[in-house]
Amino acid sequence: MKNFLSIKDLTRDEIIDILDTSCRLKEERKSSKTGEELRKKTLLLLFEKRSTRTRISFEVAMNELGGTSIYLNPADTQLGRGETIGDTSRVVSRYVHAIAARVNDHQRLIELAENSTIPVINALSDLEHPCQLLADLMTIREEKGRLEGLRLAWVGDGNNVCNSAILASSLTGIKIRVATPKGYEPDQEIVRDGRRLGGNITVTDDPREAVKSADIVYTDVWTSMGDEEEREQRLIDFKPYQVNRELLEMAKDDAIVLHCLPAHRGEEITDEVMNGPNSRVLDQAENRLHTEKALLLRLLEPETINTQIP
Ligand code: CP
Ligand code: NVA
């Protein structure tokens, strides 16, 4: 694997390997053990959209593996004056060892990757958010001890995170039921890809049907970055899709609630559920750090990752 643009760039076994390595790194961090595996390596973070978790977790990951990172907003680079993504990619390939890019249009990631000689990581595009799903799978496995056969209910927008959740579930044997209002369904090609990978995928407009007997209830904002002009209409369309106590009661008693964050409390999720006993949103956010370390090792120093798996 050179690039990580989609969760389906990994096989099931590669995902499991990354999760095992992430668990080891999480344990080692508790005893203040940090690595030097990425000494003298530099990650470029090229972000067209805002970020809290992704930027910080990648920067800390590089630091704790002995490397360094550079954060750039394209407006501050020559990209902002019209230098092409291809030229930029060919040039930065001569300086840094990997690029994590957050882009408005997934096509720009593809162009970046096609022109680079170094790994390109999708740090969120309009189509997918694969780094998020690595952390989510880790969180689910920590809680449930397995992935295969679990039921995940996605409630809300069929957006980038939902698309990656469909593919991640399909690859790992999680049964996914997606409930979105009509017109906000996940990408059809992603659903087809998921089914080709053996996925058990249901798409409905009924949130209660999706959540019934679920082991995991996952939601995300109703208005993603880039969709702001539609916000007023979306607030109306998504109203019946709020993850609240009443909806959560349809799930299994020990269901966990996930949200990739940032959340709009009181819209897609209530304070009560977000702060409640089923919520694992902070573990999810923490696990971004551990899974991104494992991903960076896999891309930059693959021979180091299979040591001391617990
Ligand atoms: N979940 C996530 O990617 O958060 P940020 O937008 O803060 O990076
Ligand atoms: N779907 C959200 C995820 C943010 C991490 C967005 O794209 O804005």
Side-chain angles (χ1 to χ4, degrees), residues 4-7 22 43-62 69 71-74 99-109 121-140 152 154-168 178-181 183-187 190 216-231 234-235 237-238 241-243 257-265 267-269 274 279-293 295-296:
F4 185 54
L5 304 188
S6 164
I7 194 87
S22 308
L43 173 70
L44 173 63
L45 293 153
L46 197 58
F47 276 32
E48 289 179 352
K49 307 191 200 195
R50 293 168 202 225
S51 167
T52 299
R53 282 143 288 269
T54 308
R55 174 181 179 180
I56 297 173
S57 53
F58 267 116
E59 293 214 27
V60 174
M62 283 305 288
S69 56
Y71 176 85
L72 279 178
N73 167 346
I99 308 169
R102 176 167 278 205
V103 297
N104 292 309
D105 179 355
H106 192 81
Q107 191 52 40
R108 279 173 79 75
L109 264 183
I121 298 169
N122 180 355
L124 182 144
S125 71
D126 54 336
L127 188 64
E128 270 206 63
H129 195 4
C131 297
Q132 179 66 50
L133 262 294
L134 289 178
D136 303 341
L137 291 175
M138 180 178 180
T139 311
I140 294 167
L152 186 153
W154 177 276
V155 183
D157 193 12
N159 62 16
N160 44 8
V161 180
C162 176
N163 287 335
S164 290
I166 288 171
L167 294 173
V178 177
T180 71
Y184 295 98
E185 292 87 358
D187 185 87
I190 295 258
I216 306 129
V217 179
Y218 199 154
T219 191
D220 184 15
V221 288
W222 292 340
T223 305
S224 284
M225 292 180 277
D227 294 332
E228 289 83 357
E229 278 178 15
E230 300 170 11
R231 180 170 156 74
R234 284 173 171 261
L235 283 174
D237 295 341
F238 283 97
Y241 294 80
Q242 184 185 65
V243 175
V257 175
L258 301 183
H259 191 311
C260 58
L261 307 180
H264 280 106
R265 288 167 177 259
E267 290 182 19
E268 75 277 2
I269 189 165
M274 181 120 159
S279 172
R280 294 293 179 276
V281 301
L282 293 179
D283 298 313
Q284 235 185 309
E286 178 189 328
N287 286 339
R288 295 291 305 274
L289 172 62
H290 312 301
T291 47
E292 280 154 21
K293 277 185 183 170
L295 175 70
L296 287 164

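Numbers here are sequence positions counted from 1. Just so you know, ligand 1 is whichever comes first in the structure, and atom 1 is the first atom listed for that ligand.
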Starting from atom 4 (C) of ligand 2, which protein heavy atom do you reach first, and at what distance in Å?
-> Leu124 CD1, 3.8 Å
Backbone or side-chain N or O of Arg288 under 3.5 Å from ligand 1 N or O = yes
Could you tell me which non-hydrogen atom of Cys131 sits nearest to which non-hydrogen atom of Thr291, and how far apart they are?
-> O-OG1, 4.5 Å
Between CG on residue Leu124 and OG on residue Ser51, distance to nearest 0.5 Å | 8.5 Å
Rounded distance (nearest 0.5 Å) linking atom CZ of Arg102 with atom CG of Asp126 = 12.0 Å
Here the atoms of ligand 2 under 4.0 Å from any heavy atom belonging to Leu261 are 5 (C)
Quick one: look up the protein heavy atom nearest atom 7 (O) of ligand 1 and list residue, atom name and how far away it is.
-> Thr52 N, 2.7 Å
Compute the shortest N/O to N/O distance between Arg102 and ligand 2 and return yes if it is under 3.5 Å, no if not.
-> no
Asn159 neighbourhood, listing ligand 2 atoms whose heavy-atom distance to it stays under 4.0 Å | 1 (N)
Do you know the tightest heavy-atom contact between Ser6 and Pro130?
-> C-CB, 3.9 Å
Going by the atom numbers of ligand 1, which of them fall below 4.0 Å from some non-hydrogen atom of Cys260?
-> 1 (N)
Arg102 contact mode with ligand 1 (heavy-atom cut-off under 4.0 Å) = side chain
For Val281 and Leu258, the nearest pair of non-hydrogen atoms, with its separation, is CG1-C, 4.2 Å
Residue, atom name and distance, where the atom is the protein heavy atom closest to atom 8 (O) of ligand 2 = Met225 N, 2.8 Å
Audit row: Tyr184, Tyr241, ring-ring contact (aromatic ring centres under 6.0 Å, His included) steps and yes/no | CA-CA 12 Å; Tyr184 295 98; Tyr241 294 80; 8.8 Å; no
Which atom pair, heavy atoms only, marks the closest approach of Asp157 to Ser224?
-> OD2-OG, 4.4 Å
re atom 4 (O) of ligand 1, the protein heavy-atom contact at minimum distance is Arg53 NE, 2.9 Å
Answer yes or no: does an N/O atom from Val221 fall short of 3.5 Å to an N/O atom of ligand 2?
-> no
Salt bridge Arg53-Glu292, side-chain N to carboxylate O under 4.0 Å | no
Atom 3 (C) of ligand 2 sits nearest the protein heavy atom Asp220 OD2, 3.6 Å
Please write down residue, atom name and distance for the protein heavy atom closest to atom 7 (O) of ligand 2.
-> Asn160 ND2, 2.8 Å
Any idea which atoms of ligand 1 are less than 4.0 Å away from a heavy-atom of His129?
-> 2 (C), 3 (O)
Heavy atom of Leu124 under 4.0 Å from ligand 1?
-> no
Heavy-atom closest pair, residues Trp222 and Arg234 | O-NH1, 2.7 Å
His129 N/O under 3.5 Å from ligand 2 N/O = no
Step by step, work out the side chain to side chain contact (heavy atoms under 4.5 Å, CB included) result for Glu267 and Gln242.
-> CA-CA 6 Å; Glu267 290 182 19; Gln242 184 185 65; 5.8 Å; no
